[in-house]
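Working notes, structure below.
These numbers were taken from a predicted model, which means no experiment stands behind them. Only this structure's heavy atoms are used, side chains among them; waters, hydrogens and symmetry mates stay out. For ligands, and for the atoms within them, numbers begin at 1 and follow the listed sequence.
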Amino acid sequence: MSDRQLLDLLTSTGDLQQELFGQARSVRHQRFGDEIVLRGVLEISNICQKDCDYCAMRRSNNSLNRFRLDVETIMEVARGITEAGINTIFLQSGQDTRCDPVLDEVIPAIANDLGAEVLLNVGERSKETYERFAQLGARSFIMKYETSDAALYKDVTHGPLDRRLQCMRWIRDAGMKIGTGNIIGLPHQSIESLASDIRLAFEFKPDFVSAAPFIPNPGTPLQHQPLGDLNLTLNTMAVLRIGLKDALIPSVSALEYVRPGGQLMGLNAGANVMTINFTPQLYREHYRIYSKDRFIVTLNHAINTAKMANLAANPGVKFRTEAPDCESLTNNS
Ligand code: 5AD
């Protein structure tokens, strides 16, 4: 794909955009049929050593109540996720190395006792730590590069992009599947820069890839920036689907925040994953990656959204009754 073609697709509207989405759906159909993958996310800590300008969990945000879940709570929720028939337990947190002793216990317990896939998104660590997580049974890890522009990365995260990319290679070398992706709508981010983000993903060939619209987060330096552009995000997702045919691509909750029905648009642009939030209510409101009124995805919402996209979201065999929403599951526990 030439630079010109890539830019044309990224900015496409109308018929060209519909053609792009149609092609993305047809690639998804060939590779995955008509079923999407469900993940259950549990946010295990909102403590963060980083200070990213776009994220309310940044360490200099003093207005947030911080939490770190213990092994028992994590296992109880993880069990609830598998009982809902979801086999990927997605543990997410701020970059909080004090979670590591907890992770060392819960990774093998989830992998062996519950027989579920452990997916981590817990930030930057040493090569040895990634190797240990993998040996303990973590199958996959998400580490977004956020932007491929080193100067912009440094500007908004105050750290080096190289370190991030190094971590991505360590994760892969440790034998885990790797997910990555960008944020669309960071300050001074050009279309050319977004095209480079896509090129980086094409070169790295991740197992999972995502594109998320930037959400201005109250309590952060970027709180007055405009929302990321929905069409640019959807076009990026479709191009990623066409270029990385076998990648799992989530239709992220931030799309629904940008516009009700946004996740349906994501599925229609070639996504094939939805992530259901199982974080207990008490902690959920303090986990502010997007904003305090971020959209919380329930199992019902995912199933209905998939249906509207003519796709199936099938929780596994353990799923017994009517689709409960995660509210009732987590509140019981
Ligand atoms: N807008 C969009 N995405 C965000 N993330 C964090 N804050 C924001 C925001 N304000 C994303 C980052 C991070 C992931 C967990 O959430 O890409 O890697």
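If you check which protein heavy atom lies closest to atom 3 (N) of ligand 1, you get Tyr290 CE2, 3.3 Å. Closest to atom 7 (N) of ligand 1 among all protein heavy atoms lies Ile289 O, 2.8 Å. Glu146 OE2, 2.7 Å is the protein heavy atom nearest to atom 18 (O) of ligand 1. For atom 15 (C) of ligand 1, the nearest protein heavy atom (residue, atom name, distance) is Gln92 NE2, 3.5 Å. Among protein heavy atoms, atom 1 (N) of ligand 1 sits closest to Ile215 N, 3.0 Å.
Under 4.0 Å from ligand 1, the heavy atoms of Asn121 that appear belong solely to its side chain. Contacts between Pro213 and ligand 1 below 4.0 angstrom, taking non-hydrogen atoms only, involve the backbone exclusively.
Of the options Ile142, Asn277, Leu120, Leu42, a side chain to side chain contact (heavy atoms under 4.5 Å, CB included) to Phe90 is made by Ile142 and by none of the others.
Around atom NZ of Lys245, more than 12 heavy atoms belonging to other residues, nucleotides or ligands sit under 6.0 Å away.
Residue Ala212 places no N or O, backbone or side chain, under 3.5 Å from any N or O of ligand 1.
Considering all non-hydrogen atoms of both residues, Asp96 and Arg125 come closest at O-NH2, 3.3 Å.
Listed by number with element, the atoms of ligand 1 under 4.0 angstrom from any heavy atom of Asn217 are 10 (N).
The backbone N or O of Leu248 lies less than 3.5 Å from no partner atom in the side chain of Asn272, so there is not a single donor-acceptor pair.
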